[in-house]
Amino acid sequence: ATHLTLRLGRGSSKVYDLYFESSKERERFFVLAHALRSNVRVHSVTAGSAEIAESETVSVFVGTWNMGENFPHQALTPWIPKNEYDLYAIGVQECQYQARGGFTSCEEDWFAELQAHIGSRYDLVASLSLLQIRLAVFVRKEHAYKVTRVRTARVATGVANMYGNKGGVGVELWFHETPMAFINCHLAARTERIAVRNKNVADIIDGLQLGLSGNFDIVNQSHYVFWFGDLNYRVDGLERAKVLQLIKDSHMDELLRHDQLRKELSRSALLFGFEEGSIKFPPTYRYEVGALQPDGTREFSRKKLFNLPSWCDRVLYRAFPGCSLKQETYASIPELITSDHCPVAATFQVEVQLPYVKLGLQADESQDRACVVQFTSLAVLLDDQQDKLDETPPAPAAPLELAFYGQFLERDGLRSEAREEDVQIEWTAEDLPTLKSYISSKDYLARKHVSLALYRGQERVGQAVLSLSGACGEQPYTFAEPLTAHGIKCGVAKGSVHVMHTRCVANL
């Protein structure tokens with residue numbers, strides 16, 4: 001891409017479309033423009049000087065609530081604390097009620113309610129809906145200029161994968177140089193529909209059109225992915241009386257052994273590489289609506305007793321290798337009583353990379369020296385994971401292709417291999433493209449990642465993410481990283497990679 005849109009000043013109507021000869025020139029302009037802004041800190045290296053800060057820490061709030069088609073006639077503060085975090089991502093499900101006076105729709109009403117609660121110190125980054133599934137992301141005003149490349153997408157997984165009563169909505173944004181994604185979803189209901197829920201997750205991962213490269217799904221492009229919503233996984237295999245007794249005795253760990261989501265994650269049936277904080281709170285579903293008990297807790301529903309109390313409402317997260325994410329809190333909020341679900345909130349500290357600018361040259365550098373990433377060997381070992389999606393494996397047809405993606409690349413590399421498929425597929429250095437960076441610095445590339453994807457026709461067979469931090473030394477770096485497809489582990493990519501300057505590489 002060689003196009004860049006430039007807007008001067010907050011709220012300005014002056015917009016300029018800039019076109020560059022190459023993506024390299026566009027990105028150089030982008031980072032230098034950041035450096036010229038007096039209120040933007042950058043990771044800058046100048047000739048003869050030491051490095052300054054490479055990153056900063058951002059606080060993130062993620063909240064989810066199935067609203068039960070009721071407006072919450074209570075303050076949202078117990079769930080969403082005011083003015084405490086840099087980013088707020090708030091997802092709801094079953095958000096459908098009669099809009100209050102002055103609003104034309106429930107969607108308009110709810111997003112206005114969130115903005116009024118969050119307050120004037122925050123800007124709305126993005127908001128979107130899929131029928132009753134809604135997501136809004138806010139950023140503290142003083143950080144608004146750091147947020148760029150905002151994208152939104154939605155995927156329906158309801159009736160015939162067309163109706164939006166179930167599905168997911170997503171927002172991806174870049175905070176400085178770090179992409180992060182927030183995905184709010186509502187999965188299939190009923191205890192026995194575990195496989196359907198797993199398939200919903202796979203369809204959302206495959207269908208969300210987020211990120212800068214269409215060759216890769218969002219979990220293999222964004223450095224941080226937050227996955228939350230009414231996931232609808234249940235507690236099963238216990239009598240109701242036993243479940244209630246375990247909750248009364250606060251034996252959550254024992255009850256979690258019967259949690260479907262924990263079981264599915266442990267067998268790598270979905271969301272491979274995602275983590276979840278420690279659950280110390282009671283199940284979030286299903287409660288009587290409208291009252292708290294004298295001790296401040298809620299009473300579990302006396303209706304539909306086959307619905308065991310369950311942790312339907314969850315927040316999971318995934319970070320790229322070498323990226324720093326720390327979860328600080330994870331809790332349910334019983335004070336909001338207008339739904340048969342309790343809201344859930346999770347908070348995080350994440351490290352984001354500052355724009356990198358190199359001003360001047362080191363003594364041993366020249367203008368024409370480029371930095372490249374060279375895979376000296378690569379092998380892919382595939383598993384048979386089709387049973388986890390309960391599908392019939394397709395017959396081998398199209399030849400295999402290997403695609404690469406990285407923020408640093410002048411262009412994506414794509415190579416086709418017309419060979420018979422085997423359990424292990426191998427490439428030598430001569431088979432693989434040299435990946436050229438638009439910024440010629442090992443310091444810069446040490447902070448970057450490269451994603452690779454194996455294709456057969458239009459089908460993504462597997463994807464992997466590799467940090468380049470270990471590849472910038474004198475010798476090639478040996479790696480072995482898991483491959484995923486549809487969010488499920490499907491094999492491993494292994495080999496060696498080296499970040500070099502062009503004088504070390506022949507015949508570029």
Side-chain angles (χ1 to χ4, degrees), residues 60-66 78-79 91 185 187 189-195 197-198 201 225-288 292-293 295-302 304-319 325-337 339-349 388 487-489:
V60 178
F61 173 97
V62 177
T64 178
W65 188 21
N66 183 318
W79 176 33
C185 59
L187 307 183
R190 300 205 297 269
T191 301
E192 68 277 8
R193 301 183 74 193
I194 301 172
R197 286 188 280 277
N198 292 354
V201 171
V225 180
F226 300 91
W227 190 288
F228 51 99
D230 181 357
L231 307 191
N232 251 325
Y233 289 89
R234 307 302 176 93
V235 168
D236 65 3
L238 292 174
E239 296 294 328
R240 183 178 181 84
K242 177 65 173 177
V243 172
L244 293 175
Q245 187 62 47
L246 288 172
I247 296 170
K248 182 180 179 181
D249 295 340
S250 297
H251 291 164
M252 303 307 171
D253 288 342
E254 183 175 348
L255 188 57
L256 280 164
R257 296 192 188 101
H258 300 271
D259 173 66
Q260 292 175 342
L261 180 57
R262 289 288 175 94
K263 292 178 182 179
E264 295 302 290
L265 289 170
S266 69
R267 74 181 190 94
S268 301
L270 78 162
L271 293 176
F272 180 81
F274 279 77
E275 300 180 54
E276 184 180 23
S278 177
I279 293 179
K280 302 298 183 184
F281 50 88
T284 60
Y285 173 83
R286 181 180 194 208
Y287 289 97
E288 288 291 317
L292 283 174
Q293 298 186 102
D295 62 358
T297 63
R298 296 182 66 182
E299 180 185 4
F300 286 102
S301 176
R302 298 183 295 272
K304 296 185 178 180
L305 299 184
F306 56 85
N307 278 330
L308 296 179
S310 297
W311 288 279
C312 291
D313 310 278
R314 313 287 275 268
V315 179
L316 290 84
Y317 58 89
R318 180 187 177 187
L325 180 152
K326 178 183 178 183
Q327 182 161 4
E328 296 201 315
T329 65
Y330 194 23
S332 66
I333 294 83
E335 291 89 340
L336 297 183
I337 57 176
S339 169
D340 53 5
H341 291 251
C342 279
V344 169
T347 62
F348 305 87
Q349 296 285 332
K388 293 185 179 178
I488 302 169
K489 185 177 182 296

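FYI, side chains are in, hydrogens and waters are out, and symmetry mates aren't considered; it's all heavy atoms of this structure. In what follows, residues are counted from 1 in the order of the sequence shown.
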**Q** Any chance you could measure Arg257, atom CZ, to Leu246, atom CG, to the nearest 0.5 Å?
**A** 9.5 Å
**Q** Before giving the answer on side-chain contact (heavy atoms from CB on, under 4.5 Å), spell out for Ile279 and Asp259 the whole-Å C-alpha distance, their side-chain angles and the decisive distance to 0.1 Å.
**A** CA-CA 11 Å; Ile279 293 179; Asp259 173 66; over 6 Å; no
**Q** What's the shortest heavy-atom distance between Trp79 and Val344, and which atoms?
**A** NE1-O, 3.1 Å
**Q** Are any of the side-chain heavy atoms of Gln293 and Glu288 separated by less than 4.5 Å?
**A**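 They are not in side-chain contact.
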**Q** If we ignore hydrogens and angles and just use 3.5 Å, is the side chain of Gln327 paired with the main-chain N or O of Glu276 as donor and acceptor?
**A** no
**Q** Could you work out, with side-chain contact (heavy atoms from CB on, under 4.5 Å) as the rule, every residue matching Leu244, not counting sequence neighbours?
**A**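 Partners of Leu244 by the side-chain contact (heavy atoms from CB on, under 4.5 Å) criterion, ordered by chain and then number, come out as Arg240, Phe300, Pro309.
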**Q** Hey, could you give me each pair passing salt bridge (charged side-chain N to carboxylate O under 4.0 Å, His left out) that has a residue in residues 277-287? Not counting sequence neighbours.
**A** Arg286-Asp340
**Q** Roughly how far, to the nearest 0.5 Å, is the CE atom of Met252 from the OG atom of Ser278?
**A**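 Spacing of OG (Ser278) from CE (Met252) equals 11.0 Å.
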**Q** To the nearest 0.5 Å, what is the distance between CG on Asn66 and CG on Leu231?
**A**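 Nearest 0.5 Å value for the CG-CG distance: 11.5 Å.
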**Q** With a 4.5 Å heavy-atom cut-off, do Tyr287 and Ile337 have their side chains touching?
**A**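 No, every pair of side-chain atoms sits at 4.5 Å or beyond.
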**Q** Determine whether Phe348 and Val62 make a side-chain contact, defined as any pair of heavy atoms from C-beta on separated by less than 4.5 Å.
**A** yes
**Q** Are the side chain of Arg197 and the backbone of Arg190 linked by a donor-acceptor contact shorter than 3.5 Å?
**A** yes
**Q** With a sphere of 6.0 Å drawn around CD of Glu239, does it hold more than 12 non-hydrogen atoms of other residues, nucleotides or ligands?
**A**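 Open.
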**Q** Out of curiosity, Thr347 OG1 to Lys326 NZ, how far, rounded to the nearest 0.5 Å?
**A** 10.0 Å
**Q** Go through Asp230 and Thr64 one step at a time and tell me if the side-chain contact (heavy atoms from CB on, under 4.5 Å) criterion holds.
**A** CA-CA 8 Å; Asp230 181 357; Thr64 178; 5.7 Å; no
**Q** Counting N and O atoms only, with roles assigned by atom type, does the side chain of Gln260 sit under 3.5 Å from a partner on the main chain of Arg234, one being a donor and the other an acceptor?
**A**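 Indeed, once roles are kept as given, a pair shorter than 3.5 Å links the two residues.
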**Q** Just so I know, are the side chains of Leu325 and Phe226 near enough to count as touching, which here means a heavy-atom distance under 4.5 Å?
**A** yes
**Q** Just verifying a value: how many Å separate Tyr285 OH and Ser339 OG, rounded to the nearest 0.5 Å?
**A**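 The OG atom of Ser339 is 9.0 Å from OH of Tyr285, to the nearest 0.5 Å.
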**Q** Kindly give the heavy-atom pair with the smallest separation between Leu292 and Pro334, and that separation in Å.
**A** CD2-O, 3.4 Å
**Q** If you take all heavy atoms of Ile488 and Ser268, which pair is closest and at what distance?
**A**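 Reported closest heavy-atom pair: CG2-O, 3.4 Å.
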**Q** Return the minimal non-hydrogen interatomic distance between Arg262 and Gly277, and the atom names on each side.
**A** NH2-O, 3.6 Å
**Q** Say whether, by atom type as modelled, one donor and one acceptor occur between the side chain of Asn232 and the main chain of Leu187 under 3.5 angstrom.
**A**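 Checked: pair present.
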**Q** Could you go through the side-chain contact (heavy atoms from CB on, under 4.5 Å) check for Thr191 and Phe306 one step at a time?
**A** CA-CA 9 Å; Thr191 301; Phe306 56 85; over 6 Å; no
**Q** Could you grab the distance from atom CG of Leu261 to atom CH2 of Trp311, nearest 0.5 Å is fine?
**A** 11.5 Å
**Q** What closest approach, in Å, do Leu255 and Ile247 show between heavy atoms, and which atom pair accounts for it?
**A** CD2-CG1, 3.7 Å
**Q** Which atoms form the tightest heavy-atom contact between Cys342 and Asp313, and what is the distance?
**A** O-OD2, 4.1 Å
**Q** Checking Arg314 side chain against Cys312 main chain: does a donor-acceptor pair fall under 3.5 Å?
**A**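 No, the answer is negative, given that no donor and acceptor are paired below the 3.5 Å cut-off.
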**Q** Testing Tyr317, Phe61, Phe228, Phe281 one by one against Tyr330 for a ring pair (Phe, Tyr, Trp, His ring centres under 6.0 Å), which residue passes?
**A** Phe281
**Q** Show the numbers, then the answer: is there a side-chain contact (heavy atoms from CB on, under 4.5 Å) between Trp227 and Leu270?
**A** CA-CA 12 Å; Trp227 190 288; Leu270 78 162; over 6 Å; no
**Q** Judged by atom type as modelled, is there a donor-acceptor pair below 3.5 Å linking the side chain of Ser310 to the main-chain atoms of Val235?
**A**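 Yes; at least one donor-acceptor contact below 3.5 Å.
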